[in-house]
Amino acid sequence: MKNKMFKRIVACACTLTMVGTLMVGCSSSDDSSDSSTDTDTSADASADDSSSDSTEGQYAGVTVSVLMQQTRYYDGFVAMVDKLEEEEGIILDIQVVEDSNMDSVLQMQINSGEAPDIIDYNIPNIYGIVDPTEYLADLSDESWVENLIAPEVITYDDGNIYGFPLQSSSGVSGIVYNKDIFEEYGIEIPTTSAEFDAVCDQLLAEDITPVLVASDSWVPQIWMSSGYALAVGSEEECVSISDAVFSNQASLTDFPELIDVVDTYLGMFSSGYVNDDYLTISYDSVLEEIYYGEGAMMMGTSSILASIESLFEDANLGIFNIPFDYNEDDMLISQQFTIGFAATKDSENLEVVKYIFELWSTPEYLDLWFADQSGFPAFEGVDGGEINQDVIDLYDSYAETGNLVGEMNNYWTDIESLFSSTLWIYYLDAPGKGMTGEEMLAAFQEDITKYLTEMQFDGF
Amino acid sequence: MNRKLDRKSYPMYLAIPALTFYTFFIIVPFGLSAVLSLTDWNITRMYEPVFRGLYNYFEIFSDATFIRAIQNTLIFALCSTTLKTIFGLLLALGLYKASKLNNVLRTIFYVPCVLSTLIIGVLFTSILAKSGLLNNLLESVGLASLTMNWLGYYGSALACVIFIEGWMWSGFNMFIFIAGMQAIPVDYYEFARIEGASAWNQFKNITIPLLMPSFTVTVTLGITGGLKVFDLIYVLTGGGPGYDTQVVSTYVYSSFGLGFLGESAAASVILSIIVVVISFSLNRFFTKREVEM
């Protein structure tokens with residue numbers, strides 16, 4: 001009898017222990033142990049014990065979570081993180097995700113109430129992914145705002161600022177090319193579609209891939225987002241088309257200029273000008289190939305050019321404006337967005353995040369970022385580093401005439417959520433599937449209709 | 001008689017932890033998903049979903065991507081289960097006898113299933129790249145005509161993912177089969193040899209029938225895991241090229257990411273139903289064929 005009772009007691013104890021263990025195991029983790037899906041990297045590895053002990057910052061010991069895209073994890077950013085830990089004792093727990101997964105991971109975390117304290121994203125593009133008034137902290141009253149060179153770039157429709165910028169602009173779009181190859185084969189910079197095709201044919205004859213496209217979906221989309229705006233020709237027209245499509249008064253296929261842009265892009269594939277591994281080759285590999293001369297050109301931006309120069313100091317690269325015939329008015333794309341960060345509104349570390357942004361707005365920190373990635377700083381007094389002369393010349397020549405326009409993505413923030421999940425996938429999928437520009441845009445129009453109907457937009 | 005006594009010695013309340021866990025983490029979420037799948041729940045209407053009947057189900061079944069995802073899921077589950085069951089059985093037959101070499105080989109074949117899927121993804125992405133190890137190997141043995149962009153086309157991409165899944169889990173199945181073989185009395189084989197049965201007949205008439213419980217386990221686990229596949233597809237192809245290798249789990253993930261919460265709940269419910277129906281049917285099929293030793 002006693003034996004039976006003993007067994008029951010042991011069984012009950014085991015049961016309670018198991019249930020208790022399960023509950024503890026399933027409870028949320030503390031701040032310092034945030035989970036990560038791809039690569040989890042903590043800044044604490046870089047700081048030695050002595051430096052941590054010597055910190056006297058008001059938030060010393062606090063861990064702040066950051067969600068970051070893989071290609072943004074620059075050495076310059078790591079230097080800022082290290083400095084923050086050494087001098088302030090604030091630790092950044094950085095979750096690095098592959099760029100193409102960023103949107104889904106971010107939305108997943110926000111939808112499930114597990115948003116990180118800091119989100120790395122282009123501003124103002126993040127306003128299309130996340131409702132800033134509901135999920136992002138209003139930073140309009142922060143002290144660094146008055147030092148901004150171009151506050152209008154990051155200002156939301158309601159007049160408030162919900163992001164912290166690193167740049168005043170991301171520069172210009174154009175075709176990044178390897179100057180050594182062009183010089184070696186006596187190639188002139190093309191100014192029309194026919195000249196561009198001739199250059200590609202010449203490069204093909206020399207067994208060099210004329211145009212490199214990466215499988216990271218955000219890379220080929222630069223081509224189209226820039227192309228749409230160039231083909232349309234002005235900001236007013238971009239706004240007009242976007243308003244018509246997003247109020248269900250027109251379809252994307254109603255605009256032949258947009259179709260022409262996609263067809264021009266698809267034509268590059270059918271002509272054999274594009275690398276045949278574009279569905280699998282990574283962005284980093286494309287940068288290497290253009291540096292080593294295995295490929296001659298890629299559709300890109302001045303930021304991409306700066307990235308290659310940062311990776312390969314002796315790179316001899318240039319950038320020229322998009323020469324295709326749809327650019328009838330000879331416009332240049334000015335990237336009216338910035339690499340930056342947003343703070344989660346309900347974060348328990350919001351005050352720490354604001355303090356971090358205040359520090360990062362100073363030259364002591366931001367110079368570190370631009371030392372690795374030259375560009376146009378968001379704040380007065382910051383050294384933007386040495387910018388490629390071609391970028392300066394290109395910008396200056398078009399700024400004089402006023403022939404500048406922002407890329408189409410700037411006007412499509414209402415459907416930003418669809419970019420990486422549908423539109424950018426079509427750009428990579430369409431060449432292999434033999435789709436035409438009209439078919440591709442028709443498919444995307446269906447996605448727009450479904451999305452805006454679900455989101456109960458006016459007119460849908 | 002003994003079995004009845006055994007059952008009596010385990011009181012029902014010992015099942016409480018498992019039942020509690022199962023109820024809170026499986027039954028309740030499934031019930032909630034089923035209810036929410038009938039609403040227009042999405043990111044802009046998080047706290048005020050409106051009932052819309054079977055609309056979400058009609059919507060996803062009219063989506064070609066979802067139909068493709070179901071096809072891919074079934075192909076993946078069926079082929080990968082077949083592959084890892086056959087490879088697992090062959091490995092078990094080869095490494096059944098205990099020896100130092102076999103012990104080492106068993107460990108080597110088991111290692112892939114304890115590796116992180118992320119690591120396997122990175123590993124095979126570079127092996128299968130256009131200028132990766134596989135193509136270089138093919139070129140070096142004079143098979144340059146076979147080189148291709150393995151993850152760049154639907155057929156080869158899906159085949160590669162299936163092969164990798166088979167490679168990962170064959171070692172695990174090998175152990176299940178070895179355990180099953182070790183439970184077969186040696187007397188059966190001795191008697192068969194005396195009667196003049198060939199090795200093939202012994203395998204066909206003794207080993208296979210008596211290994212049925214092992215087949216039940218490996219096939220059920222394989223099919224269930226295959227139908228729920230997410231990580232391997234996510235890290236290797238991301239559902240691409242295009243949406244070609246999308247499976248139901250990645251469809252649910254992307255739908256949830258877009259904020260279509262009701263629709264993603266509907267897709268999850270369909271996935272759950274598929275998993276339950278197929279797993280139970282297969283389990284029943286194999287259990288019926290099990291024989292007592």
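Reminder, nothing fancy here: chain letters follow the sequence lines and each chain counts from 1.
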K.L.:
If you draw a 6.0 Å radius around CZ in B:F230, do more than 12 non-hydrogen atoms from other residues or ligands fall strictly inside?
P.N.:
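Correct, the count exceeds 12.
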K.L.:
Heavy-atom distance under 4.5 Å to chain A: side chain of B:D244, backbone, both or neither?
P.N.:
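Contact with chain A: side chain only.
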K.L.:
Would you give the length of the straight line joining atom CD of A:E98 to atom OH of B:Y234, rounded to the nearest 0.5 angstrom?
P.N.:
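So the gap between those two atoms works out to 7.5 Å.
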K.L.:
Nearest 0.5 angstrom please: B:N149 CG to A:N275 CG, how far?
P.N.:
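Between B:N149 CG and A:N275 CG, I get 9.5 Å after rounding to 0.5 Å.
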K.L.:
Mind ranking A:D429, A:I281, A:L428 by heavy-atom pairs under 4.5 Å with chain B and telling me who comes out on top?
P.N.:
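Ranked by contacts with chain B, first place is A:D429.
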K.L.:
Hey, mind stepping through B:E263 and A:K450 against side chain to side chain contact (heavy atoms under 4.5 Å, CB included) and telling me if it holds?
P.N.:
CA-CA 12 Å; B:E263 191 177 290; A:K450 179 182 173 184; 2.9 Å; yes
K.L.:
Which bit of A:S282 is near chain B, if near means a heavy-atom gap under 4.5 Å: side chain, backbone, both or neither?
P.N.:
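Neither part.
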K.L.:
For a quick test of reading the model, state the closest non-hydrogen atom pair linking A:L279 to B:P241 and the distance between them.
P.N.:
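Minimum heavy-atom separation between A:L279 and B:P241: CD1-CB, 3.9 Å.
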K.L.:
B:N42 side chain to A:E454 main-chain N or O, any donor-acceptor pair under 3.5 Å?
P.N.:
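Yes, the answer is positive, given that a donor and an acceptor are paired below the 3.5 Å cut-off.
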K.L.:
Give, for atom OG of B:S131 and atom CD of A:E294, the distance between the pair rounded to the nearest 0.5 Å.
P.N.:
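The distance works out to 8.0 Å.
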K.L.:
With a 4.5 angstrom heavy-atom cut-off, could you sort out which part of A:Y426 is near chain B: side chain, backbone, both or neither?
P.N.:
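Only the side chain of A:Y426 comes within 4.5 Å of chain B.
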K.L.:
Measure distances from B:Y55 to the heavy atoms of chain A and classify the residue's part below 4.5 Å as side chain, backbone, both or neither.
P.N.:
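B:Y55 touches chain A through side-chain heavy atoms alone.
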K.L.:
Please classify the contact between B:L128 and chain A as side chain, backbone, both or neither, with a heavy-atom cut-off of under 4.5 Å.
P.N.:
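Neither part.
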K.L.:
What do you reckon, is OH of B:Y57 surrounded by more than 12 foreign heavy atoms closer than 6.0 Å?
P.N.:
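Atom OH in B:Y57 is packed in, count exceeds 12.
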K.L.:
Roughly how far, to the nearest 0.5 Å, is CG of B:D63 from CG of A:D447?
P.N.:
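A:D447 atom CG to B:D63 atom CG measures 8.5 Å (nearest 0.5 Å).
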K.L.:
Heavy atoms only: give me the nearest A:S421-B:L258 pair and the separation to one decimal.
P.N.:
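Heavy-atom minimum between the residues: OG-CD2, 3.5 Å.
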K.L.:
Hey, what do you get for CD (B:Q246) to CD1 (A:I425), rounding to the nearest 0.5 Å?
P.N.:
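So the gap between those two atoms works out to 7.5 Å.
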K.L.:
Can you tell me which portion of A:D131 sits under 4.5 Å from chain B's heavy atoms? Options are side chain, backbone, both or neither.
P.N.:
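The answer is neither part of A:D131.
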K.L.:
Could you give the distance from OH (B:Y243) to OG1 (A:T422), rounded to the nearest 0.5 Å?
P.N.:
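The OH atom of B:Y243 sits 5.0 Å away from the OG1 atom of A:T422.
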